[in-house]
K.L.:
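Quick one: the structure is below, and I'll ask about it shortly.
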Amino acid sequence: MPHHPRVATVIGRLLIAGFLLCLVTGLYSHYLQDPLPWQVFPTRPVWLYRVSHGLHVATGTALIPLLLAKLWTVYPRLFAWPPLTSLRHGLERASVALLVSSAVLQLFMGLLNTWKWYPWPFSFRTVHFWLAWVVVGALLIHVAVKLPLIVRYRRTGRPRRVRDPGTGWTRRGFLTAVGATTAAVTVTTVGQAFTPLGPLALLAPRQPGVGPQGLPVNRTAAQAAVTVPDDWRLEIVGATPASFDLAALRAFPQHDADLPISCVEGWSQSARWSGVRVRDLLDAADAPPGAALRVVSLQTRGSYAVSHMTPEFTRDPLSLLALRLDGEVLHIEHGYPARIITAARPGVLQTKWVYRLEVLP
Ligand SMILES: Nc1nc2c(c(=O)[nH]1)N[C@H]1C(S)=C(S)[C@@H](COP(=O)(O)O)O[C@H]1N2
Ligand SMILES: [Mo]
């Protein structure tokens, strides 16, 4: 009996856990990109953001079949008669309407984003951020209203095998089918961030290892309208302005860092980067250690042309202005002549085609 409250509460618990996990990992990603003045972020483990954001996208994807199953479980109640019995009932229905519409919108926006499809005129991140609070608020109201039912159907153990004459489903059969669908969706997408399952990522927008130098590219040089001048130099704007051509940068001590690109759109892949430590560059411009930086690229079109780096990252010995990728000179698509690579930060901050570092006061 898929339309049974017991089935609704079993799926409901998973939905609550999933939305809360998405909220926490989503806030982490949001504030890394737009830090509040007092925020300081961990720089280790280097895979922290990769795991956090991999979970965000994988959980959000898995929530789609779960939410559809939940809606199917409860939809007969949409046609309950009479439609309104009391003020309390009216408020309850209004909160469910808000919950369903915001949750559906939130999950599908996220899904489209993983496909780099933005069929809306507004900023994805702003709307996704505020909608998250609407979903969670409506979820809390819904749980409060349904608490008596949740407590009543709290019992664990195997669901019953009784067949529903209307649908032909048993509760156990229905939950098994929902679980199998969710598992299938997860297994065929999670490999975009979790490399061991890469070969199974048949439904994922990105396959690991596919791209120049074996690494996916999010925005190409042509898409970003980037041309690298022959007399390219890195400028550092600080107390003592400095500027270095590529030969000068290669003469700095070179360091290696094995770090992932973890794209907010859901794919992630590690590589070996080599180049100059950001803190050595700050030093060369007489900037105080741990100064904040504004990183400016040659890009003339589209977002992510500029990024910010907070002190914990400028100080980090693993923060590099990378010149090489897996032993080769950076491909233009990966940011030649120089790009930023840092530990535990979103891909959007790993600015490519850098030409200026501005030391912030
Ligand atoms: N200048 C610039 N840097 C950029 C971007 C961009 O659009 N412009 N995209 C960012 C994003 S969203 C990601 S995920 C990474 C991807 O790096 P890759 O293309 O080398 O794999 O680059 C980042 N650096
Ligand atoms: Mo990205």
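Values below: all heavy atoms of this structure, side chains included; hydrogens, waters and symmetry mates excluded. Counting convention: from 1, in listed order, for ligands and their atoms alike.
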K.L.:
Do NZ/NE/NH1/NH2 and the carboxylate oxygens of Asp316 and Arg44 come within less than 4.0 Å?
P.N.:
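Yes.
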K.L.:
Considering only protein heavy atoms, which is closest to atom 12 (S) of ligand 1, and at what distance to one decimal place?
P.N.:
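Sorting protein heavy atoms by distance from atom 12 (S) of ligand 1 puts Asn218 ND2, 3.4 Å first.
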K.L.:
Which of the numbered atoms in ligand 1 are below 4.0 angstrom from a heavy atom of Cys263?
P.N.:
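Contacts of ligand 1 toward Cys263, numbered from 1: 14 (S).
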K.L.:
Using heavy atoms and a 4.0 Å limit, tell me yes or no: is Ser303 in contact with ligand 1?
P.N.:
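Right, Ser303 reaches ligand 1.
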K.L.:
I'd like to know if the side chain of Ser319 reaches the main chain of Phe313, judged simply by a donor and an acceptor atom lying under 3.5 Å from each other, with no hydrogens or angles considered.
P.N.:
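At least one qualifying donor-acceptor pair exists.
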K.L.:
Tell me whether the centres of the aromatic rings in Phe252 and Phe244 are closer together than 6.0 Å.
P.N.:
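Aromatic pair counts; centres sit under 6.0 Å.
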K.L.:
My understanding is that we take every heavy atom of each candidate and find the minimum distance to atom 6 (C) of ligand 1. Doing that for Gln350, Glu265, His334, Arg219, which one comes out nearest?
P.N.:
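Comparing heavy atoms across Gln350, Glu265, His334, Arg219, the nearest one to atom 6 (C) of ligand 1 lies in Arg219.
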K.L.:
Among protein heavy atoms, which sits nearest to atom 23 (C) of ligand 1, and what does the distance come to when rounded to 0.1 Å?
P.N.:
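Checking every protein heavy atom, the shortest distance to atom 23 (C) of ligand 1 gives Gly347 O, 3.1 Å.
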K.L.:
Under a single-linkage definition using a 4.5 Å side-chain heavy-atom cutoff for Ile, Leu, Val, Met, Phe, Trp and Tyr, are Leu149 and Val74 assigned to the same hydrophobic cluster?
P.N.:
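Hydrophobic grouping puts Leu149 apart from Val74.
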K.L.:
Considering non-hydrogen atoms of the protein only, which is the closest contact for atom 19 (O) of ligand 1, and what is the distance?
P.N.:
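Of the protein heavy atoms, Lys352 NZ, 2.6 Å lies nearest.
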K.L.:
How close do Tyr28 and Ala344 get, heavy atom to heavy atom, and via which atoms?
P.N.:
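Looking at all heavy atoms of both residues, the shortest contact is OH-O, 4.0 Å.
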K.L.:
Determine yes or no for a side-chain-to-main-chain donor-acceptor pair under 3.5 angstrom, with Gln207 supplying the side chain and Pro199 the backbone.
P.N.:
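Absent.
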K.L.:
Any atom of ligand 1 sitting under 4.0 Å from a heavy atom of Arg339?
P.N.:
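Yes.
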K.L.:
Starting from atom 1 (N) of ligand 1, what is the nearest protein heavy atom, named by residue and atom, and what distance separates them?
P.N.:
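Sorting protein heavy atoms by distance from atom 1 (N) of ligand 1 puts Gln299 OE1, 2.8 Å first.
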K.L.:
Should Leu99 and Val143 be regarded as members of a common hydrophobic cluster, given that ILVMFWY residues are connected when their side-chain heavy atoms come within less than 4.5 Å of each other, either directly or indirectly?
P.N.:
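Same hydrophobic cluster.
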K.L.:
Is the number of heavy atoms from other residues, nucleotides or ligands within 6.0 Å of CZ (Arg88) greater than 12?
P.N.:
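Check fails, neighbour count at 12 or below.
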K.L.:
What's the shortest distance from atom 9 (N) of ligand 1 to any protein heavy atom, and which residue and atom give it?
P.N.:
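Of every protein heavy atom, Tyr304 CD1, 4.1 Å lies nearest to atom 9 (N) of ligand 1.
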K.L.:
Are any side-chain N or O atoms of Arg206 and backbone N or O atoms of Ser268, one a donor and one an acceptor, separated by less than 3.5 Å?
P.N.:
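Not confirmed, Arg206 side chain does not pair with Ser268 backbone.
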K.L.:
Which ligand 1 atoms does Trp353 reach within 4.0 Å, using its non-hydrogen atoms?
P.N.:
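Checking each atom against Trp353, I get 1 (N), 2 (C), 8 (N).
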K.L.:
In terms of atom number and element, which parts of ligand 1 are under 4.0 angstrom from non-hydrogen atoms of Thr351?
P.N.:
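In order of numbering, the contacting atoms are 1 (N), 3 (N), 24 (N).
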K.L.:
Considering only heavy atoms of Ser297, which atoms of ligand 1 have at least one such atom less than 4.0 Å away?
P.N.:
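Atoms satisfying the 4.0 Å criterion: 1 (N).
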K.L.:
To the nearest 0.1 Å, how far is atom 16 (C) of ligand 1 from its closest protein heavy atom, and which atom is that?
P.N.:
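Checking every protein heavy atom, the shortest distance to atom 16 (C) of ligand 1 gives Ile261 CG2, 3.8 Å.
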K.L.:
Heavy-atom contacts with Val217 under 4.0 Å: which atoms of ligand 1 show up? List them by number with element.
P.N.:
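So the atoms of ligand 1 that pass are 19 (O), 21 (O).
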K.L.:
Mark yes or no for whether Arg50, through its side chain, and Ala193, through its backbone, hold a donor-acceptor pair below 3.5 Å.
P.N.:
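Flag set: sc Arg50 to bb Ala193 pair under 3.5 Å.
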K.L.:
Do any heavy atoms of Pro216 fall under 4.0 Å from ligand 1?
P.N.:
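Pro216: in contact with ligand 1 (<4.0 Å).
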